[in-house]
Amino acid sequence: MLQVAFIRQNIDFVKERLAHRNFRETGLVDDIVRLDDQRKRLQLESDTTQSKINAFSKEIGQLMAKGQKQEAEEKKQEVAMLKTTLTPIAAQLSAVEEELNANLVRLPNLPAAAVPGGVSPEDNTTIREGGDRPTLPKGALAHWDLAKKYNLIDFELGNKITGSGFPVYINKGAKLQRALIQYFLDFNTAAGYTEYQPPILVNEASARGTGQLPDKEGQMYYAAEDNLYLIPTAEVPLTNIYRDEMLKETQLPIRMTAYTPCFRREAGSYGKDVRGLNRLHQFDKVEVVQLVDPAKSYEVLEEMVLHVEKLLQSLDLPYRILRLCGGDMGFTSAMTYDFEVFSAAQEKWLEVSSVSNFETFQTNRMKIRFKDASGKPTLAHSLNGSSLALPRIVACLLENNQAEGFIALPQPLHAYFGAERIG
RNA sequence: GGAGAGGUGGCAGAGUGGUCUAUUGCGGCAGUCUUGAAAACUGUUGAAGGUUACACUUCCGGGGGUUCGAAUCCCUCCCUCUCCGCCA
């Protein structure tokens, strides 16, 4: 979340930036400043009274030690009086603090200066395109048909065992998943990311830390008995590794990668977009996360974009990179690049990665700080990106590389998969 | 699931009702010494709110209570560790 001190010092700027991401409740900003004014006033009143009580209490102790019981009793009466005035002030103060916080968590992050204006995906800016779109053979199939033809994925079986959006990968389909995960992890660790295998259920504090709560409450699967959430992305456990940590400047940058299954309820989505692998409730993803010095975070963002781009190039898929406009960015992001690959049989772009700089939005919630050169505690910047999400990559690999009687695989996968083609 | 122990500042670890604003060590920072570094020695160093800066307030796992006064006593919840049981 945003820092109150920053909001107070930059009221107009904050409103302008919120408007830039098409956030309409700019009145929240005024409410926050007003509530913080109240907070300060009440805090001062409370502190002053408490200070008097502390002083009197000390005197009482000294009087008691000297055996001056009468004077001590008189002081006790005065303290009792002060406490009756303190009680309502304290109650107001905590009410105001609660309301202030409730308003603060509803404010999304501010878009960075380079974020284009706009309200919907049509307003996103294409930064680069790469790779060649294939010419498909006659009678080319969509990936769900190819999955059936080569017995790679059984969607109906998933329906039986769990429900829609939980596919069963079979035989070479299962092995392809394993090959991709292994390849992606190796690609990331070779670039200096440390591999983790984190829990895939997290507690409430972790879900709050990265911003899934309270904003995306209904999107996560929830194990009520134990008050745990199934992760929607490895970003949650990975970033929370450093929650409430005071780091040394020399520890930065921290670079982490992990493979996890991801779980999303996708409440409300239906129709054509959910066909086949396009949108699932459970899917595999390899994630990269960085915690960095604030001065370097945009440099790092570009570096992460190049990293993911190289990975896509190595898979020889046609891709494009979009800089998301203000209105299309996620709640917690200051700047986001989306990666899309072209699904040749469906003839549409599918999002396979999202690389974002959150600046201090997450680290302020999680209190991930480091001591800067002057020894002052400073919030780090957090960034993350998919590298990569599997299902849509698989969809494109199958569709784009289909030939007469087989599906060719890109060179880097040959060793991991143990063959150059499926079929 | 049963029994016991514990949660204190960046880390370790003292502190059972008032002895300044939590002892000490490590780590960090600065200095002395040194060609430089290390070692040694000296000084300094928790976080949040608040202030131009002070003052002042809060924080010893969370919440509540007792008291003039709570890290310390009581209640409650959470978490960790050890042993037993069960078990991949």
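The chains referred to below are lettered A, B, ... by the order of the sequence lines, with proteins before strands, and numbering in each begins at 1.
- Residues A:Ser297 and A:Asn357 bring a donor and an acceptor atom of their side chains to less than 3.5 Å of each other.
- The side chain of A:Gln50 places no N or O atom within less than 4.0 Å of a non-bridging phosphate oxygen (OP1 or OP2) of B:C56.
- A close approach under 4.0 Å does not occur between any side-chain nitrogen or oxygen of A:Lys376 and OP1 or OP2 of B:A47.
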Pair up each side-chain donor or acceptor in residues 149-156 of chain A with any protein partner under 3.5 Å, not counting sequence neighbours, and list the distances.
residue: A:Tyr150; atom: OH; partner: A:Phe406; partner atom: N; Å: 3.1
residue: A:Asp154; atom: OD1; partner: A:Glu156; partner atom: N; Å: 3.1
residue: A:Asp154; atom: OD1; partner: A:Leu157; partner atom: N; Å: 2.9

Item to complete: Show your reasoning for whether side-chain contact (heavy atoms from CB on, under 4.5 Å) applies to A:Glu309 and A:Leu306.
Response: CA-CA 5 Å; A:Glu309 185 174 13; A:Leu306 282 176; 3.7 Å; yes
Fill in: Base-pairing string, 5' to 3', of RNA chain B - Watson-Crick or wobble, under 3.5 Å, | interstrand
((((((((.[[[..)..(.....]]]((((((.......))))))((((......)))).[[[[[..)....]]]]])))))))....
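- Set against B:G50, B:A48, B:C68, the side chain of A:Pro377 has B:A48 as its closest nucleotide.
- The residue A:Arg41 sits apart from the nucleic acid: no heavy atom pair falls under 4.0 Å.
- Both A:Ser51 and A:Lys371 sit near RNA chain B, but only A:Lys371 has its closest nucleotide nearer the 5' end.
- Residue A:Asp47 places a side-chain atom within donor-acceptor reach of the base of B:G49, judged by atom type and a 3.5 Å distance cut-off alone.
- Distances shorter than 4.0 Å separate some side-chain N or O of A:Arg369 from OP1 or OP2 on B:A48.
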Fill in: Criterion ring pair (Phe, Tyr, Trp, His ring centres under 6.0 Å) on A:Tyr193 and A:His307, from CA distance to verdict
CA-CA 11 Å; A:Tyr193 291 90; A:His307 177 76; 5.4 Å; yes
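- Toward the 5′ end of RNA chain B lies the nearest nucleotide of A:Lys52, the other residue of the pair A:Val79 and A:Lys52 mapping further downstream.
- Using modelled atom types, one finds no donor on one side chain facing an acceptor on the other under 3.5 Å when comparing A:Glu217 with A:Tyr222.
- The phosphate of B:G69 (OP1 or OP2) has a side-chain N or O of A:Lys83 nearer than 4.0 angstrom.
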Only distances under 3.5 Å count here; give the side-chain donor-acceptor pairs of residues 413-423 of chain A to other protein atoms, sequence neighbours excluded, each with its distance to 0.1 Å.
residue: A:His414; atom: NE2; partner: A:Leu409; partner atom: O; Å: 2.7
residue: A:His414; atom: NE2; partner: A:Pro410; partner atom: O; Å: 3.4
residue: A:Tyr416; atom: OH; partner: A:Asp186; partner atom: OD2; Å: 2.6

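- Between A:Asn54 and B:U57 there is a side-chain N or O to OP1 or OP2 distance below 4.0 Å.
- Between A:Lys40 and B:G50 there is a side-chain polar atom (N or O) within less than 4.0 angstrom of OP1 or OP2.
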